[in-house]
Participant: 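Sharing a structure with you now.
Throughout, numbering of the chain's residues begins at 1 and tracks the sequence. Counting starts at 1 for both ligands and their atoms, following the listed order. Every value quoted in this text rests on a predicted model; they were computed, and no experiment measured them.
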Amino acid sequence: MHGAGNDFVLVDATRKPFRPAAGVSRKLCDRHFGVGADQVLILERSRHADLRMRILNPDGSEAEMCGNGIRCAVLYARTRGLVKKDEMSFETRAGIIRPRLIGDGRARVDMGEPVLDAEKIPTRGRGRVIEAPFKFDGGRAIVTCVSMGNPHCVLFVDDLAEVPAGTWGPAIERHPFFPRRTNVEFVQVLGPDRVRATVWERGAGLTLACGTGACAVVVAGVLTGRLRRSATVTLPGGVLDIEWAPDNRVFMAGPAAFVFDGNFKVEDVKVGDVPN
Ligand code: ZDR
């Protein structure tokens, strides 16, 4: 499945458990030696919500939340009859998330409240990290940090085309200021309710879209006086509509789509095939 080009191998583990060994997500996500995806999503039964969603990055790390993934998960669960209602709840490491299908393959998701407390994001900063000067291997920038369950570091730039996202991204992702590493958003403001962004994802690299990242971008844009509370974020793979509501919750709306169904045997997933 994919959401705005952020693509996933979604494993339905509601009937048969799927607890992959380390390295399996790297193999499945590999576009040459595996299926090819930005993340592996695992759907499971939950005692606390309609379903549980786990998110594995290609490097094997487990993410707390995935905004584009949760839209795919709600579409999958509804279409395949796992849950027989348009609005449902998903247990994630970032808490209970509530997506709702709004027709035409689109979903609107209550992404919860952003976390701005520097230590909780987590960062090694104190208070809030808003428009903070930041030096890293290969450059310097002004950054704003937000957690949407997972950590994000937002950089506003004058011209997105000029930004070396492929080298700045990994340098910032692995900077010791971020104890659990971070996703990195490069953002060009086009107007008070429009931005263009590129995302370097923790554990995944450059992707075509990032749902939690789009939310973090709008929160950072509001906090720094650049954006209104409702804005569209254009990513390389599509457009997401984000609203930071007066009750402090962030809502995201965007597309989700099936690509194909397939089967693989876990024993055929030979992790050692994938070069480092
Ligand atoms: C960016 C993301 N694909 C989404 O849509 O929110 C989430 C994937 C997880 C991310 N790479 C992380 O936090 O490690």
Participant: Tell me whether Arg31 is salt-bridged to Asp7, with the criterion being a basic N under 4.0 Å from an acidic carboxylate O.
Facilitator: yes
Participant: Can you tell whether the side chains of Glu173 and Arg202 come within less than 4.0 Å, N to carboxylate O?
Facilitator: no
Participant: How about Asp86: does its CG atom have over 12 heavy atoms from other parts shown lying under 6.0 Å from it?
Facilitator: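 More than 12 heavy atoms, drawn from other residues, nucleotides or ligands, come within 6.0 Å of this atom.
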Participant: Give the residues near ligand 1 by chain and number, with the criterion being a heavy-atom distance under 4.0 Å.
Facilitator: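 Near ligand 1, by chain and number: Asn6, Gln39, Asn57, Ala63, Met65, Cys66, Gly67, Asn68, Asn150, Asn183, Glu201, Arg202, Cys210, Gly211, Thr212.
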Participant: Using 4.0 Å as the upper bound for N to carboxylate O, is an ion pair formed by Glu44 and Arg52?
Facilitator: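 Yes, Arg52 and Glu44 are salt-bridged.
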Participant: Using a 6.0 Å distance limit plus a 45 degree cone around the ring axis, check whether Arg226 lies over the aromatic ring of Phe156.
Facilitator: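 Yes; both conditions hold, so Arg226 lies above the ring face of Phe156.
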Participant: Apply the test side-chain contact (heavy atoms from CB on, under 4.5 Å) to residues Glu162 and Val157: give CA-CA distance (whole Å), side-chain angles for both, the deciding distance (0.1 Å), then the verdict.
Facilitator: CA-CA 9 Å; Glu162 297 283 297; Val157 300; over 6 Å; no
